[in-house]
Amino acid sequence: MSDYHIKTLEEYFKVYRSSVDNPEQFWGNLAEEHFVWRKKWNKVLSWDFSKPEIKWFEGAKLNITENCIDRHLATRGDKTAILFEPNDPNEAAQHITYKQLHERVNQFANVLKDQGIKKGDRVCIYLPMIPELAISVLACARIGAIHSVVFAGFSATALSTRINDSDCKMVITSDGSYRGAKTIDLKCIVDESLEKCNCVETVLVVKRINSEIQMKEGRDKWLQPLLENASTDCIPEIMDAEDPLFILYTSGSTGQPKGMVHTTAGYMVYTAYSFKNAFQYTENDVYWCTADIGWITGHSYIVYGPLANGATTVMFEGVPSYPDWGRFWNIVEKHKVTQFYTAPTAIRALAKEGLELVEKYDLSSLKVLGSVGEPINEEAWHWYNDNIGKKKCPIIDSWWQTETGGIMISPIPYVTPTKPTYATLPFPGIQPTLMDENGNEIKGNQADGRLCIKFPWPSIARTIWNNHQRYKETYFTAYKNMYFTGDGALRDEVGYYRITGRVDDVIIVSGHNLGTAPIEDAVNEHPAVAESAIVGFPHDVKGNALYGFVILKDTGESRNQDNLRKEINQIITEHIGPIAKLDKIQFTSGLPKTRSGKIMRRILRKIASKDTSNLGDTSTLLNPEVVQDIMDNAH
Ligand code: WT7
């Protein structure tokens, strides 16, 4: 037997060693023993980071939904696969068994086929957190269509950019969504976005809020009647190991969002293996990840990883504050949740609400707590540990990225001793390292540098959709023969890693990855704006908030600054979504620039963070006088 389930620290070190010494043997054994294949691979791994080209399990044939659904039917057919908890606590939860999931995915897959979707076609999914979201993802995978889920908080413009970039033939959406006490008209957003898209032939619409919506003749179709006529049998499409499974967009430090492409076999093997170990999942557990399936966390650890292990995975439609801030704990009690995985921003927001709504509920079912998406500060870590885990539940501070597909550095609960704010040790198969500014690898512990990964792992994204050159430049050019993460990290005296944050122009706000460039582009759309620069600054709840420095055009007229601020945020909401709104907007006469015309964001970051004691070298600035002026008017 391979070492699928790690139970002790000694075992971890042994398994880790073998994963580094003999990676092909390690992953080959795991893949062979724990998954179903239609044909075995010819070669476990071939790779070349300089091209870059990475292939896992080449030659193998499989369908990921057979691994996530069909193979469980004999032993777990009546077990709950997806436990759906609606926005409204008075609406009944739905327990979708593996058998029912099988039928519903097949029906949906047949509808996709009837609508002309074929292997390799791209399907955009723009849905709230309702069962149809997970089911449509799996239905695409069933027939080999490439899903591109877009988080339903993104605006029409952001949606159309993503639809066009990957040339989607279909959009799956709903009439609307519930979000706490509010409803959102998703279909209207889709209609608006499709005014800018020529590639979409069909829009499938799920009825969720029963709102009156426009249906465009010939293009828009209600899903329900189509499902009713569809067979519950659908033979899975047999896929090559390296066939794309999905595209998921993530922000870059410049330009358009990057459509990260994940492929089938390696992604499956790694998300399943990491899910099992990161959460120490056992058969009767009820696992809950609070993320949205619109992000990688939801893809890997609500849908694919848990289902590949035959787990029960909770899907929550609502928000933590509705009907009150006790909702999360209410759900933990109600469904006897055993593993709970959330983001530091949620923990901080919940901590602010006090303990009364925590103490009201029985949280004794919990065994493992997880954190993901941004560094967890010490205070939040202790609050989580003391009040939610009652000091009995290990916290796994798991570091990873959209690009990595799965958890890379994280404690294994009940195995790795935890240390607040440290993601601790790499998972088997993951070879992290720290690089210095000169491109040299930093050896030994107690180090501080840029986090890179030296060796491929099965779930690394293989390319950026339609832009392999950008993939190469973003991840494989800064350091020779290394994958560069964009994060800084420390390594302590025992080799534990602590992620310190992004070292590029990506800012993590409330756990959402935002590139500054597209937000600046949106701000610059305002007719009164000449130029802008956006940086992050520390925020109590959100981790980081956005600070915009804006130069207005000199039109001679005076403008109301508060109105301008509102208008600028409105444009951001329209172009990207409310998550990218600026917390502070400072109007300024100039921005600090180098002689080559580059904005010196380092200085703006310090000013926004009120950390101006040492601004570093400003002598290379073209306009040093502007710095004092900005400081005088900051915050
Ligand atoms: C960036 C990736 C991975 C799923 C959610 C985010 C930051 C992620 C941690 C952590 C410190 C973290 C990094 C990373 N990040 N997890 N445990 N500690 N920082 O995926 O949107 O692709 O963002 O999130 O900066 O590069 P993503």
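Numbers for residues simply follow the sequence, beginning at 1. Note that ligands are numbered from 1 as they come in the structure, with each ligand's atoms numbered from 1 the same way.
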inquiry  = Applying the ring pair (Phe, Tyr, Trp, His ring centres under 6.0 Å) criterion to His262, which one of Trp465, Tyr267, Tyr304 satisfies it?
reply    = Tyr267
remark   = Between the OG atom in Ser155 and the CD atom in Glu574, the distance rounded to the nearest 0.5 Å is 8.0 Å
key: Atoms of ligand 1 close to Thr297 [distance to a heavy atom under 4.0 angstrom, numbered from 1]   = 4 (C), 5 (C)
query = With under 30° as parallel and over 60° as perpendicular, where do the rings of His299 and Phe246 fit, or are they tilted in between?
reply = tilted
message = Tell me every residue that passes ring-ring contact (aromatic ring centres under 6.0 Å, His included) with Phe275, counting only those two or more places apart in sequence or in another chain.
response = Phe279, Tyr281, Tyr287
key: Thr485, any N or O under 3.5 Å of ligand 1 N or O   = no
request  = May I ask you to list the atoms of ligand 1 that are less than 4.0 angstrom from any heavy atom of Ile296?
outcome  = 4 (C)
request  = Show which atoms of ligand 1 fall inside a sub-4.0 Å distance from at least one heavy-atom site of Asp397.
outcome  = 10 (C), 17 (N), 18 (N)
message = Polar contacts were defined as any N/O atom of the residue lying under 3.5 Å from an N/O atom of the ligand; does this apply to Gly373 and ligand 1?
response = yes
task = Determine, step by step, whether Trp457 and Phe427 satisfy the ring pair (Phe, Tyr, Trp, His ring centres under 6.0 Å) criterion, reporting the C-alpha distance in whole Å, the side-chain angles of both residues, the deciding distance to 0.1 Å, and the verdict.
result = CA-CA 10 Å; Trp457 61 100; Phe427 253 66; over 10 Å; no
ask   = Does even one non-hydrogen atom of Gly486 get within less than 4.0 Å of ligand 1?
value = no
key: atom 13 (C) of ligand 1: the protein heavy-atom neighbour that sits closest, reported with distance to 0.1 Å   = Asp487 OD2, 3.1 Å
ask   = Among protein heavy atoms, which lies nearest atom 1 (C) of ligand 1, and at what distance?
value = Ile508 CD1, 3.6 Å
ask   = Is Lys390 atom NZ crowded by more than 12 heavy atoms from other residues, nucleotides or ligands, each under 6.0 Å away?
value = yes
ask   = Does NZ or CZ of Arg162 fall inside the cone over Phe154's six-membered ring, less than 6.0 Å from its centre and within 45° of the axis?
value = yes
query = What protein heavy atom sits nearest atom 11 (C) of ligand 1, and how far away is it?
reply = Pro375 N, 3.1 Å
message = With a 4.0 Å cut-off on heavy atoms, is Ser398 in contact with ligand 1?
response = yes
request  = For ligand 1, find out whether one of its N or O atoms is nearer than 3.5 Å to an N or O atom of Asn513.
outcome  = yes
query = Would you say Glu437 has more than 12 foreign heavy atoms packed within less than 6.0 Å of its CD?
reply = no
Nearest-option assignment for atom 18 (N) of ligand 1, heavy atoms, candidates Met260, His299, Glu374, Gln401 = Glu374
request  = State the atoms of ligand 1, each with its element, that fall below the 4.0 Å cut-off from a heavy-atom position in Val372.
outcome  = 3 (C), 4 (C)
Geometric class of the Phe476/Phe49 ring pair [parallel <30°, tilted 30-60°, perpendicular >60°] = tilted
request  = Report, in ascending order of atom number, the atoms of ligand 1 lying under 4.0 Å from any heavy atom of Thr402.
outcome  = 20 (O), 21 (O), 22 (O), 27 (P)
key: Aromatic plane relationship, Trp56 with Trp27 - under 30° parallel, 30 to 60° tilted, over 60° perpendicular   = perpendicular
query = Is the shortest distance from a heavy atom of Trp400 to ligand 1 less than 4.0 Å?
reply = yes
